[in-house]
Amino acid sequence: MINSLLTHGSLAARDDMHLVTWPDSSLLQNCEIGAALTEALRQQAAHSLADCAFGCAPFGRVTVVPESDWLDGLTQKLAAALRGLCRKTACPHLVLDTSRWDMDDKKHRAIVISLLHNLFNLEYQVSDLGYKKPADRAVRLSHLTLWCLPHQEHALSALLTQTAACAKGMIAARRLADRPSEHCTPAFMVSDIVRQAEDYPQLRCDVLDENQIQQHGLGLLHAVGKGASNPPRLLVIHYDGCDEGPFGVYVGKGITFDTGGLWLKSGEGMYTMKYDMCGAANVFGLLVATAELKLPVRLVGVLALAENMPGPDAMRPGEIATSYSGLSVEINNTDAEGRLVLADAIAWAAALRKEQQPPHYIIDMATLTGAVVKALGYDITGLWSNDSALTRTLSTAAEHSGDSLWPMPLDARFAPQVESRIADICNTPTNNAAISTSAAWFLNRFCPAEIPWAHLDISGTALWREQGYSVASGRPVPLLIQHLLETGEVK
Ligand code: BES
Ligand code: MN
Ligand code: ZN
């Protein structure tokens with residue numbers, strides 16, 4: 001846990017504190033580090049980040065970040081810089097000067113929210129998984145103090161609560177996703193999540209094993225999982241923060257390793273494919289965050305878990321499998337496995353009932369296509385939806401949380417992309433056109449039109465890429481928590 005608190009007025013500086021402030025802050029002017037040093041830092045910060053770890057008593061370290069970086073919600077330079085600075089630090093206590101921000105400004109609030117998510121996420125690093133011997137003298141951030149102006153206190157306090165809980169969910173998801181796939185199998189994910197869910201009385205898990213998957217007619221999940229020695233699972237997690245009212249369902253792609261199957265990927269293309277379960281992990285992370293915040297909503301998570309492996313029993317190009325919805329699918333490309341497991345999970349979600357009522361909405365998230373990275377890059381999640389109101393509320397939540405997405409088109413013009421001569425539908429177009437949208441259209445066929453549905457392609461955003469390596473990011477948990485807080489639809 002990173003302990004956090006809010007303070008204003010005078011600050012009792014100590015040498016284990018790292019002060020991060022802005023050039024014209026009254027805190028910097030009055031902070032006793034000496035007029036000469038203050039002036040030198042201010043001058044440097046006029047054009048670049050000024051960082052000083054020696055001779056800045058009473059602080060252990062002082063960083064003055066250029067004013068423009070505090071106000072830049074797009075590139076999130078401040079968050080990236082602080083993540084780097086705090087990862088290698090001698091000071092376990094960060095004092096963040098929040099006085100530059102206007103808490104009534106939505107853009108400023110989004111900057112604060114994503115910065116706090118970044119900071120709270122520093123609690124976890126991949127080396128914690130135990131595969132690497134711990135470094136002796138590594139200092140971790142353990143305390144975060146926000147130095148604010150009195151009128152900011154109320155708003156900041158709410159954001160601290162929101163982001164600390166959200167980061168807890170993100171870390172739960174990241175810990176699962178970063179684990180190598182020979183350990184993080186479908187069965188491991190189930191047992192680990194079931195164990196963690198016991199900490200929260202509002203969470204309850206139901207599991208289908210490989211036999212039940214077949215018996216219940218989840219033919220696509222079965223087809224994807226049957227080539228692997230680690231069999232598939234469907235994990236359904238109920239969150240009941242209240243006793244009645246509409247419920248929302250979140251569906252996650254949980255391919256614990258994607259080799260491409262018989263349509264084998266190259267070694268290079270396979271390297272990050274342990275992360276092909278990030279959608280499922282992030283659904284769990286969202287439920288953890290919701291439980292931490294004790295939100296008065298009812299949610300269901302549906303995690304489609306399988307390994308996509310080649311082998312004598314693996315699904316073959318041209319194979320036809322029948323989905324839970326009844327549609328038959330020609331599997332022309334075994335590497336388009338994500339949409340197969342999601343299709344069954346979405347159809348399963350759509351058939352869920354509470355008090356005879358279907359889901360109020362279904363939102364799926366998946367590392368579905370490499371092509372979404374070509375279209376939108378690494379910072380923006382792709383959104384496809386059958387419902388303009390859901391598109392609007394998700395877009396607003398993205399703007400307000402700094403966890404960005406961009407709406408993409410979805411209509412019947414893409415239907416020919418998944419037409420099959422031999423089955424109801426096929427899983428990939430034979431041309432190379434609109435790859436991500438064709439996948440979204442495929443999924444759309446498994447969700448009844450009357451249920452608002454959104455698909456988030458997180459291939460670009462599920463990982464944080466920094467200094468030449470990738471780790472799980474926990475996105476889009478911040479966006480979806482913001483969405484739950486804002487819509488109040490699920491109450
Ligand atoms: N898991 C991949 C998508 C992916 C690729 C995510 C790279 C992150 C980085 C997915 O299962 C896949 O293989 N998709 C294919 C789709 C194609 C066969 C239509 C792809 O993107 O190449
Ligand atoms: Mn694939
Ligand atoms: Zn995949």
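All figures in this text were calculated on a predicted structure; none of them were measured in a lab. For this chain, numbers begin at 1 and follow the sequence in order. Each ligand, and each atom within it, is numbered from 1 in the order the structure gives.
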task = Answer yes or no on whether Arg83 is positioned over the face of Trp464, meaning its NZ or CZ is under 6.0 Å from the six-membered ring centre and within 45° of the axis.
result = yes
ask   = Is the closest basic N to carboxylate O distance between Lys253 and Asp364 below 4.0 Å?
value = no
query = For Asn230 and Glu307, does a side-chain donor sit closer than 3.5 Å to a side-chain acceptor?
reply = yes
ask   = Does the ring of Phe257 carry Lys274 above it, NZ/CZ under 6.0 angstrom from centre and within 45° of its axis?
value = no
Once you restrict both partners to nitrogen or oxygen, which atoms of ligand 1 have a protein partner under 3.5 Å, and how far apart are they?
residue	atom	partner	partner atom	Å
ligand 1	1 (N)	Lys253	NZ	3.3
ligand 1	1 (N)	Asp258	OD2	3.3
ligand 1	1 (N)	Asp276	OD1	2.8
ligand 1	1 (N)	Asp276	OD2	3.0
ligand 1	1 (N)	Thr367	O	3.3
ligand 1	11 (O)	Lys253	NZ	3.2
ligand 1	11 (O)	Asp258	OD2	2.9
ligand 1	11 (O)	Asp335	O	3.2
ligand 1	11 (O)	Glu337	OE1	2.9
ligand 1	11 (O)	Glu337	OE2	2.9
ligand 1	13 (O)	Lys265	NZ	2.7
ligand 1	13 (O)	Asp335	O	3.0
ligand 1	13 (O)	Asp335	OD1	2.8
ligand 1	13 (O)	Asp335	OD2	3.2
ligand 1	14 (N)	Leu368	O	3.4
ligand 1	21 (O)	Gly370	N	2.8

request  = Could you tell me which residues satisfy salt bridge (Lys or Arg N to Asp or Glu O under 4.0 Å) with Asp411, sequence neighbours excluded, listed by chain and number?
outcome  = Arg413
ask   = With a 4.0 Å cut-off, would you call Lys107 and Glu399 a salt bridge?
value = no
task = Would you please say whether a donor-acceptor pair under 3.5 Å links the side chains of Ser385 and His455?
result = no
note = Protein N/O/S atoms closer than 2.8 Å to the Zn ion (ligand 3) number 4
message = Under a 3.5 Å threshold, yes or no: a donor from one side chain and an acceptor from the other, between Asn444 and Trp384?
response = no
task = Sort by chain and number the protein N/O/S atoms that are closer than 2.8 Å to the Mn ion (ligand 2), and list them.
result = Asp258 OD2, Asp335 O, Asp335 OD1, Glu337 OE1
query = Judged by modelled atom types alone, do Tyr239 and Arg204 share a side-chain donor-acceptor pair under 3.5 Å?
reply = no
Heavy atoms of other groups near Arg465 CZ, more than 12 under 6.0 Å = yes
ask   = Is it true that the side chains of His400 and Glu486 contain a donor and an acceptor less than 3.5 Å apart?
value = yes
request  = Could you tell me whether Lys226 and Glu210 have a side-chain N and a carboxylate O separated by less than 4.0 Å?
outcome  = no
message = Counting the benzene-type ring for Trp, do Tyr250 and Tyr361 have ring centres under 6.0 Å apart?
response = yes
